[in-house]
Amino acid sequence: MPDAQRPPSLVVIANPASGRGRGARVVRALEARLAEARSESANVSLQLTNFPGEEQVLALEAAQEGAHTILAVGGDGTWGNVARGILAAGGTSRLALLAAGTGNDLSFATGLDVRDVDTALAIARGSGERRIDVGEVDGVHFVNCVGFGFDAEVVRETLRVTWLRGHAVYLLTAARLLFGYSGFEAQLRVEEDNRGIVGTRAHGPPAATMRHLAVIVANGPRIGGGFLISPNAAVDDGLLDVVRVADVSPWRRAVVFSGAPRGTHLNAPEVTLRRAPSLTLSFATPPSFEADGELHQARSSTLEVRCLPGALRLAVP
């Protein structure tokens with residue numbers, strides 16, 4: 001057990017419900033590993049979540065108490081919630097990852113293969129770190145992406161699919177919604193940045209109301225465990241990749257969607273990509289949005305999405 005007079009240098013926050021069962025299996029392996037190495041884990045605290053979103057509360061408390069590193073066991077939702085807790089406490093604690101989720105897109109974005117318990121523990125106990133960017137919208141931080149419209153509806157519908165795991169959940173749900181989702185109107189104003197122009201179609205009006213299928217603001221290149229929404233996105237370039245998909249017929253939606261696993265959807269005339277440090281979106285009413293796979297309800301109909309360069313310390317080998 002950790003010394004009662006000293007905060008644990010490593011706090012492990014695990015979501016047993018992540019990955020539709022994988023999280024619980026990883027927790028059992030992690031508990032066994034810590035039990036086998038009691039001397040190594042003398043200053044480690046393991047905390048399990050009991051309800052959705054509790055990771056943020058536990059991470060905030062751990063960071064405020066001086067934890068050097070917080071190892072988050074789960075997927076993108078867990079990692080995003082732990083990052084929010086760390087940032088709320090001032091951002092001094094490192095975030096370490098152990099993959100047990102559905103998509104695990106942040107580990108893909110950062111090149112970290114952290115599916116193995118021993119590998120993840122070694123990284124968390126080591127001293128390596130990398131500063132990565134964080135996005136923020138309506139007071140909610142995100143580490144991989146935030147999505148409006150179709151993407152948010154897909155996340156909402158995946159909660160009803162209990163008989164599939166991994167990327168297949170997102171794939172099936174998205175395919176169903178291609179023919180039923182009605183789209184939305186929004187106005188975008190993207191902050192000008194000399195590095196942010198990608199292709200000739202990025203030179204359109206900075207603020208125009210149009211009907212969208214989706215607007216996805218990406219920090220990392222992949223969403224949903226297998227869709228390369230912006231293949232060249234980097235988590236440490238100080239910019240967000242703004243992918244805007246115009247609303248079209250169900251047939252054209254299917255064509256665009258079919259290219260997303262390879263990133264070729266960016267060649268479609270309905271899709272534009274810009275890179276910028278911030279953007280503003282205006283809706284008729286406050287929208288719902290997904291941030292790192294977690295649904296949120298906006299408080300305002302006009303939202304600023306901004307990049308916070310290097311705001312998070314990530315544990316790396």
Side-chain angles (χ1 to χ4, degrees), residues 76 103 105-106 108-109 133-137 142-155 167 170-171 174 177-178 181 183-193 195-235 237-248 252-283 287-293 303-307:
D76 292 298
D105 293 313
L106 180 61
F108 177 84
D133 303 336
V134 174
E136 183 183 20
V137 56
F142 60 94
V143 288
N144 188 65
C145 81
V146 65
F148 301 88
F150 182 77
D151 185 46
E153 289 305 308
V154 169
V155 170
H167 176 54
Y170 194 100
L171 187 65
L177 284 175
L178 284 175
Y181 179 63
F184 65 99
E185 288 191 349
Q187 182 185 80
L188 274 71
R189 182 178 296 278
V190 179
E191 180 180 339
E192 293 298 331
D193 186 282
R195 299 168 294 171
I197 303 300
V198 180
T200 58
R201 283 179 280 114
H203 290 280
T209 299
M210 61 178 281
R211 192 156 192 86
H212 297 82
L213 176 64
V215 174
I216 298 170
V217 185
N219 191 35
R222 194 179 77 177
I223 65 172
F227 294 101
L228 290 174
I229 193 65
S230 187
N232 295 318
V235 295
D237 62 357
L239 297 171
L240 297 170
D241 285 32
V242 184
V243 180
R244 181 177 185 173
V245 185
D247 195 18
V248 286
R252 280 301 302 171
R253 288 180 176 185
V255 171
V256 173
F257 179 74
S258 67
R262 301 178 303 280
T264 57
H265 62 293
L266 295 176
N267 298 325
E270 298 89 352
V271 181
T272 59
L273 167 63
R274 299 186 72 176
R275 292 194 175 99
S278 68
L279 66 146
T280 302
L281 301 97
S282 298
F283 301 83
S288 59
F289 61 91
E290 68 90 5
D292 295 328
L303 303 173
E304 181 188 15
V305 187
R306 62 191 183 111
C307 181

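Everything quoted here is computed from the prediction, not taken from an experiment.
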When rounded to the nearest 0.5 angstrom, what distance separates CG in Leu240 from CD1 in Ile216? 13.5 Å

Contacts of type side chain to side chain contact (heavy atoms under 4.5 Å, CB included), residue Asp133, not counting sequence neighbours: Asn219, Asp237, Cys307, Pro309

Can you measure from CD (Glu153) to OG (Ser288) and round to the nearest 0.5 angstrom? 5.5 Å

Set out, in order, the CA-CA distance, both residues' side-chain angles and the distance that settles side chain to side chain contact (heavy atoms under 4.5 Å, CB included) for Asp247 and Glu185, then state yes or no. CA-CA 9 Å; Asp247 195 18; Glu185 288 191 349; over 6 Å; no

For Phe184, enumerate each residue passing the ring-ring contact (aromatic ring centres under 6.0 Å, His included) test, keeping only those at least two apart in sequence or located in another chain. His212, Phe283

State, to 0.1 Å, how close Gly293 and Val155 come at their nearest heavy-atom pair, and which atoms those are. O-CG1, 3.4 Å

Any Leu228 side-chain heavy atom under 4.5 Å of Phe108 side chain: yes

Let me see the working for Thr280 and Gln187 under side chain to side chain contact (heavy atoms under 4.5 Å, CB included), right down to the final yes or no. CA-CA 8 Å; Thr280 302; Gln187 182 185 80; over 6 Å; no

Restricting to non-hydrogen atoms, name the atom on Ala268 and the atom on Arg252 that form the minimum distance, rounded to 0.1 Å. CB-NH2, 4.0 Å

Of all heavy-atom pairs between Glu136 and Phe142, which one has the smallest distance, and what is that distance? N-CE2, 3.4 Å

Distance, nearest 0.5 Å, that separates CG of Asp151 from CD1 of Ile223: 4.5 Å

What's the spacing between Asp241 CG and Cys145 SG if we round to 0.5 Å? 11.5 Å

Might you point out which heavy atoms bring Tyr181 and Gly149 nearest each other, and give the distance in Å? OH-CA, 3.1 Å

Find the distance between CD (Glu290) and CG (Asn144) and round it off to the nearest 0.5 Å. 8.5 Å

Trace of the side chain to side chain contact (heavy atoms under 4.5 Å, CB included) decision for Val271 with Val243: CA-CA 7 Å; Val271 181; Val243 180; 4.0 Å; yes

Exercise: identify the closest heavy-atom pair between Gly147 and Ala152: O-CB, 3.8 Å

Reported CZ-to-CG distance for the pair Arg189 and Leu279, which is rounded to 0.5 angstrom: 11.5 Å

Candidate list Val217, Val190, Val215, test side-chain contact (heavy atoms from CB on, under 4.5 Å), partner Val305, passing option: Val217

Go through Arg253 and Phe150 one step at a time and tell me if the side chain to side chain contact (heavy atoms under 4.5 Å, CB included) criterion holds. CA-CA 11 Å; Arg253 288 180 176 185; Phe150 182 77; 5.6 Å; no

Would you call Leu266 and Pro231 a side-chain contact if the rule is heavy atoms closer than 4.5 Å? yes

So does Arg274 get a backbone contact from the side chain of Arg244, meaning a donor-acceptor N/O pair under 3.5 Å? no

Smallest heavy-atom separation, Gly183 atom then Arg211 atom, equals O-NH2, 3.2 Å

Check: Leu188 and Met210 side chains under 4.5 Å, non-hydrogen atoms: no

